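Working notes, structure below.
In this text the structure is predicted, and so the values were computed from the model without any measurement. Letters A, B, ... are given to chains in the order of the sequence lines, protein chains preceding strands, and every chain is numbered from 1. Computed from heavy atoms alone, side chains included, the values below leave out hydrogens, waters and symmetry copies.
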Number of protein chains: 2
Amino acid sequence: MINPLVRKLEKFTKLSRADQEALRDLASQRVRHLNARDDLIHEGDRPDHVNLILSGWACRYKTLEDGRRQIIAFLLPGDLCDLNVFILREMDHSMAAITPLTFAEVTREHMEALTLDHPRVTQALWWDSLVNAAIQREWSVNLGQRTAFERVAHLLCELFLRLRSVGMTEGTSCDFPVTQVDLADATGLSAVHLNRTLQELRGADLIVLRGKLLTIPDLEALQAAALFSPNYLHLNHEGQRFDANDA
Amino acid sequence: MINPLVRKLEKFTKLSRADQEALRDLASQRVRHLNARDDLIHEGDRPDHVNLILSGWACRYKTLEDGRRQIIAFLLPGDLCDLNVFILREMDHSMAAITPLTFAEVTREHMEALTLDHPRVTQALWWDSLVNAAIQREWSVNLGQRTAFERVAHLLCELFLRLRSVGMTEGTSCDFPVTQVDLADATGLSAVHLNRTLQELRGADLIVLRGKLLTIPDLEALQAAALFSPNYLHLNHEGQRFDANDA
DNA sequence: CGGCTGCTTGAACTTGTTCAACAGCGGTGG
DNA sequence: CCACCGCTGTTGAACAAGTTCAAGCAGCCG
C-alpha cells in the first residue's frame, strides 16, 4: 500500500522522489504497536517525539474529574500529531488507540533534519497542520450549533473524506471501527441518543452502518443533511501551484 | 503600555532586546482600525497576511447557511492569527471585531524575515500557536461535555487568565466588552439561557458582571465550579529553560 | 423625546439524558 | 460442546436541560 502520509500531502503539493523517500523514512523508524484502548500518551506526560499513525485509528481525548470524556479528534493513518509538541512541557490531553495501532515515533532530531533538508515537505506538513486546526474549529461549530442529527452526519462526512484522501475508502464504503460509545463521546451526545440518531440516519437512507463497515450511498445527500461544506478540509489541490517533481 | 505580545511570549521564554525590538516592529507596520462588528476577513477570502491584534477584542466565527453562528475563538490583544495562513488558498472561517479594533497586518515577507533572524522569537511564536491549538481543543471539551453553568464559568476563567497574561486585568477585574449574544454564540447556548446562566453565576457569588466590567471575586471557586484546569494554557513559565537576555 | 441595542422575564415546548433492562455476539474456560 | 462473561448495541419510559416565542424594560445616543 502506498504511504498514506505521502498520499495525503500530495493533495497539497507534488513531492519529489527525495521528498517521498524522506517521508517513507519517517514511517520506518521506531515503529510501535498498541492494542485497542491503550494510551499512546497521557495528559501530564512529557512529549518527546511526534507520532505518525501508520495503520489503525486513534483519538485524542480529555476527561473531566467526574469521568465525562470528550473525544477531541480522530487520528487516521497518515496523521501526524503536532509537529512541534516538544516545545511544551507537558501534554494537555491524552491519546489512545481505537483499534490495534501501528505508529512511528519520530524524534525531535529527525523532524528537525527533515525540516532542514526538505523545504517542500516542511511546507506540506504545515499545510497539514493548518488543516488539522481547521478541523478542530469545525468541531466547535459542530458541537455548538448542529443538532444531533446534523452533527453525527457531519462527523461521518468528515471521516469519510479524510479516509478517502489517504486512499482508505472503496467506492461508497469504508472501514469504520468506532464503537457507538466513542461516537457519542466525539459528538457530545449520550450513547442512547447517539444510537437513536444513527437509526434516524439509517431510516433516511443516508447511511448503512453494520459491523465495522460504513456505506454512504449518496454522499451529497448526507452532506446536505449535515450542512457540510468540505472547504475546511482544503482538499481541492491547493498547491498544484508548487509542482516540482524532482528537485 | 508594554507590548502585549512581548509580555505574553515572555511567559514562555526570555527575549533579548533585539527580539523584543523585532516584535515591536511587527506591531508598527500597516496598522489598521476597524469599528465594532466589522469583519477583518471573511470566509472564502484569500489570506495574504497575518493579523496581530494590538487593542480591542475580535473573534473567529462561522455561520451555517440558515444563520446559526458559532464563535470559534476570541482574539485578544497580543494574539497573532495563524502564522502560516498564506499556505491556504482561502479562509475557511471569518474574523470580526467585537470592539473597535486596532491591529497590524504583517506580510508574509515580514514573517519570513522575522523567522530567519530571530529563532528564539520563532520558537516562542510556535509555542503560542500550540497554546492556541490547545485552547481550541478545550473548547471542544467545553461544548461537548460541560453543562451550561460549567461552560460559561469555564469560558470566563479562560478569558480572565488570558487577559492576565497580557497584563489586561486589574486585581480581580477586567474589561469585558462582549454582549450576551456573543457569549451565547461562543458557548453554543441560546441567548435566553445564557442570560439565566449568568444570573446563576451571579447568584452563586462567582462573578460580578455589570456594564463592561467583569469581576471574579474568587477565581479558585470559579475554576472549581467550571472544572477548569489551567494546564492547557501552558502558562507556568514553561521556557524559563531558555534564558538569554541578550543574544 | 425617539429609537436602537442589549438585557430580562414567563411559559410552553423540544431535544436530548438518565436509568434500567435486555438481546446478540465472540471469546474463554470448564 | 456448553456455560458464562463482558462488551456493544437496542429499547422504553420518566425526566431534566436547554430552546423558542413573545413581550417588556433599561440604558444610551443622537
- Task: Rounded off to whole Å, could you give me the CD-to-C1' distance for the B:Q145 and C:dT17 pair?
- Result: 12 Å

- Rounded to whole Å, CZ of B:R196 lies from P of C:dT8 at a distance of 11 Å

- Task: Please report, rounded to the nearest Å, how far the C1' atom of D:dG27 is from the NZ atom of B:K212.
- Result: 11 Å

- Rounded to the Å, how far apart are B:D182 CG and C:dC7 P? 9 Å

- Item | Approximate separation, where rounding is to 0.5 Å, of A:C81 SG and A:H49 NE2 | 9.0 Å

- Item | Check: A:I72 main-chain N/O paired with A:R60 side-chain donor or acceptor under 3.5 Å | no

- Query: For the side chain of A:Q70 and the backbone of A:A186, is there at least one donor-acceptor N/O pair under 3.5 Å apart?
  - Reply: yes

- Does C:dG6 have OP1 or OP2 sitting under 4.0 Å from an N or O in the side chain of B:R37? yes

- Item | d(CG, B:D185; P, C:dG6) in whole Å | 12 Å

- A:G211 near the nucleic acid: base, sugar-phosphate alone, or nothing, with a heavy-atom cut-off under 4.0 Å? nothing

- Closest to the 5' end of DNA chain C, once A:V192 and B:V181 are matched to their nearest nucleotides, is B:V181

- Message: When you measure from the side chain of B:D185 to the backbone of B:D182, do you find a donor-acceptor pair of N or O atoms at a distance under 3.5 Å?
- Response: no

- Query: What nucleic acid atoms does A:R210 come within less than 4.0 Å of, heavy atoms only: base, sugar-phosphate, or nothing?
  - Reply: nothing

- Under 4.0 Å between any heavy atoms, over every strand shown, what does A:R202 touch: base, sugar-phosphate, or nothing? Just pick one. sugar-phosphate

- Task: Answer with base, sugar-phosphate or nothing: what part of the nucleic acid does B:S190 contact at a heavy-atom distance below 4.0 Å?
- Result: base

- Distance below 4.0 Å between A:N195 side-chain N/O and D:dG9 OP1 or OP2: no

- Task: Output, in order, the C-alpha distance, side-chain angles, deciding distance and verdict of ring pair (Phe, Tyr, Trp, His ring centres under 6.0 Å) for A:Y232 and A:W139.
- Result: CA-CA 11 Å; A:Y232 72 100; A:W139 279 45; over 10 Å; no

- Tell me: CD of B:Q180 to P of C:dC7, nearest whole Å? 4 Å

- Message: Counting the atoms with a prime plus P, OP1 and OP2 as sugar-phosphate, which does A:L198 contact under 4.0 Å by heavy atoms, base, sugar-phosphate, or nothing?
- Response: nothing

- Interatomic distance where CD belongs to A:Q199 and C1' belongs to C:dG16 [whole Å]: 15 Å

- Query: Tell me: CZ of A:R151 to P of C:dG16, nearest whole Å?
  - Reply: 7 Å

